[in-house]
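Accompanying notes for the structure given below.
Values in this document were obtained by computation on a predicted structure and should not be read as measured data. Throughout, residue positions are numbered sequentially from 1 according to the sequence presented.
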Amino acid sequence: MTESCPTVLLIGTGHWSNPGLDYRSTAHDDMLAPGRQQEIAGCVARLARFQPTKVGLEIVRSMEDEWNADYRAFNAGDFALTANERHQLGFRLAAASGLGRIHAIDWHNPEQAIGWDEAIAFAQKHDQQSLISAWFGSSEPDTKPLERKSVHDQLLAHNDPASLPASHRLYLDMALIGRGDDYVGAEVILRWYERNMRMFVNIARLVERPNDRVAIIVGSGHLPLLTHFLDGTTTIRVEYAGAYLRLSAS
């Protein structure tokens, strides 16, 4: 790669507004509380040092215009941000970087859910619980679970490159669920791979100029595959959020 190679910064996060859509979700406290807002501001200041030319968010493309209307209203002082990480990190990072819009990079098949329920139900019925045990966390007491840490420490944990292989193994274990000619786990993970592959393509399509610097904010579960796909290209450099989170906020 040359020095003018466009760069993508992947920023993994938890789902701060607790939509309850993920099996491996964390019950975060109030991210709108003054202390949390101050923590988020410090993280945004650090991430802004990346100097993004574009910010991509985990939003399906059909919703891009609606979200950009909200983003414009936010910049005009007419929109109150929710606790959602797309607002708290995405809108604030784009605004801090002087960007006029945000970009949608997510994809879903409206006719086919990924089907986590199917695989988990099969595993529970056919004595394959060991393949999903990591999805439901440990029963061991944790004196300082992730959601109780500072936002800065949460983001450092989500974006630790050393954690990506273990995170990916969760999905590979689930792929093994099934028996004989029943590949229920593999079919579910293929749909997960399809979603992430299309997200990767949407991200790559944001790269239009050699000096583009694209910041992507997604649920941390997407990081293993998106990192793998982006690292496999010859035209895009990948950077990790931890390098910026460790900088001074000032």
Side-chain angles (χ1 to χ4, degrees), residues 1-16 28 31-59 67-68 71-72 74-75 77 81 83-105 146 149-164 199-200 202-220 222-224 226-227 229-231 233 235-250:
M1 294 185 185
T2 66
E3 287 302 314
S4 62
C5 183
T7 303
V8 169
L9 177 69
L10 291 174
I11 306 166
T13 181
H15 292 306
W16 292 346
H28 289 278
M31 303 304 275
L32 297 178
R36 288 303 198 187
Q37 287 290 291
Q38 185 175 3
E39 293 174 359
I40 292 169
C43 291
V44 170
R46 291 176 173 91
L47 294 169
R49 302 275 288 277
F50 173 68
Q51 298 182 319
T53 59
K54 297 177 181 178
V55 170
L57 305 180
E58 192 177 333
I59 301 164
W67 277 75
N68 269 298
Y71 176 64
R72 289 191 296 272
F74 166 66
N75 278 328
L81 299 182
N84 192 293
E85 69 281 355
R86 292 169 290 187
H87 285 159
Q88 291 296 321
L89 289 179
F91 279 23
R92 292 170 73 167
L93 178 59
S97 304
L99 304 181
R101 61 171 298 176
I102 51 90
H103 299 268
I105 57 91
L146 183 61
K149 295 182 179 180
S150 70
V151 172
H152 181 252
D153 286 348
Q154 288 180 34
L155 292 177
L156 281 175
H158 282 302
N159 291 279
D160 180 2
S163 70
L164 296 184
M199 291 171 71
F200 154 68
N202 288 338
I203 292 168
R205 287 174 177 171
L206 292 181
V207 173
E208 298 174 311
R209 300 168 298 175
N211 64 341
D212 267 332
R213 298 179 62 78
V214 183
I216 301 296
I217 298 170
V218 292
S220 59
H222 295 281
L223 290 184
L226 292 182
T227 299
F229 296 149
L230 287 162
D231 269 341
T233 70
T235 56
I236 298 172
R237 178 190 293 113
V238 179
E239 292 192 11
Y240 299 93
Y244 293 91
L245 291 167
R246 291 186 177 91
L247 298 174
S248 169
S250 58

Requested in this report: Report the C-alpha distance between Phe91 and Asn75 in whole Å, list the side-chain angles of each, state the deciding distance to 0.1 Å, and finish with yes or no for side chain to side chain contact (heavy atoms under 4.5 Å, CB included).
Outcome: CA-CA 9 Å; Phe91 279 23; Asn75 278 328; over 6 Å; no
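- Considering all non-hydrogen atoms of both residues, Pro224 and Ser220 come closest at CD-O, 3.7 Å.
- The OG1 atom of Thr233 lies 6.0 Å from the CZ atom of Phe200; values are rounded to the nearest 0.5 Å.
- Every residue two or more places apart in sequence or in another chain was checked for a salt bridge (charged side-chain N to carboxylate O under 4.0 Å, His left out) with Glu239, and none qualifies.
- Side-chain contact between Val218 and Ile11 is absent, with no heavy-atom pair separated by less than 4.5 Å.
- With sequence neighbours left out, Phe74 forms a ring-ring contact (aromatic ring centres under 6.0 Å, His included) with no residue at all.
- Thr235 and Cys5 get closest at one heavy-atom pair: O-SG, 3.1 Å.
- Rounding to the nearest 0.5 angstrom, the gap separating the CG atom in Asn159 from the OG1 atom in Thr13 is 8.0 Å.
- With sequence neighbours excluded, no residue forms a ring-ring contact (aromatic ring centres under 6.0 Å, His included) with Tyr240.
- With values rounded to the nearest 0.5 angstrom, Ile217 atom CD1 is found 9.5 Å from Leu155 atom CG.
- No donor-acceptor distance shorter than 3.5 angstrom exists from the side chain of Arg213 to the backbone of Pro52, with no hydrogens or angles considered.
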Report task. Please step through side chain to side chain contact (heavy atoms under 4.5 Å, CB included) for the pair Val55 and Tyr71, ending with a clear verdict. Result -> CA-CA 12 Å; Val55 170; Tyr71 176 64; over 6 Å; no
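- In this structure Arg246 satisfies the salt bridge (charged side-chain N to carboxylate O under 4.0 Å, His left out) test with no other residue, sequence neighbours excluded.
- Here the straight-line distance linking atom CD1 of Ile216 with atom CD1 of Ile105 works out to 5.5 Å at 0.5 Å rounding.
- Here the closest heavy-atom approach between residue Arg86 and residue Ile59 is recorded as CD-CG1, 3.8 Å.
- Scanning for side chain to side chain donor-acceptor pair (under 3.5 Å) contacts around His87 gives Thr82, with sequence neighbours left out.
- The minimum heavy-atom distance linking Leu93 with Ala215 is given by the pair CD2-CB, 4.0 Å.
- Checked against side chain to side chain donor-acceptor pair (under 3.5 Å), Ser97 has no partners two or more places apart in sequence or in another chain.
- Residues Glu58 and His222 share a closest heavy-atom pair of OE2-NE2, 3.3 Å.
- Side-chain atoms of Arg49 never come within 3.5 Å of backbone atoms of Ala45 as a donor-acceptor pair (strictly under, hydrogens ignored).
- Under the salt bridge (charged side-chain N to carboxylate O under 4.0 Å, His left out) criterion, Asp212 pairs with Lys54, Arg209, sequence neighbours left out.
- Side-chain atoms of His152 and Glu39 form no donor-acceptor pair, as typed in the model, at a separation below 3.5 Å.
- Residue Gly90 comes nearest to Leu57 through the heavy atom pair CA-CD2, 3.6 Å, listed as atom of the first residue, atom of the second, then distance.
- Remark: Arg101 engages Glu64 in a side chain to side chain donor-acceptor pair (under 3.5 Å) (not counting sequence neighbours).
- Note that the CG atom of Asn202 and the NE2 atom of His103 stand 12.0 Å from one another [nearest 0.5 Å].
- For the pair Met31/Val151, a side-chain contact is recorded, criterion being any heavy-atom separation below 4.5 Å from C-beta on.
- When side chains are defined from C-beta on, Trp67 counts as touching Ile102, because their heavy atoms get closer than 4.5 Å.
- Qualifying side chain to side chain donor-acceptor pair (under 3.5 Å) partners for Arg92, counting only residues two or more places apart in sequence or in other chains: Gln37, Gln88.
- Under the 4.5 Å side-chain criterion, counting only non-hydrogen atoms from C-beta, Leu9 is not in contact with Thr7.
- To the nearest 0.5 Å, atoms CD (Gln51) and OH (Tyr244) are separated by 8.5 Å.
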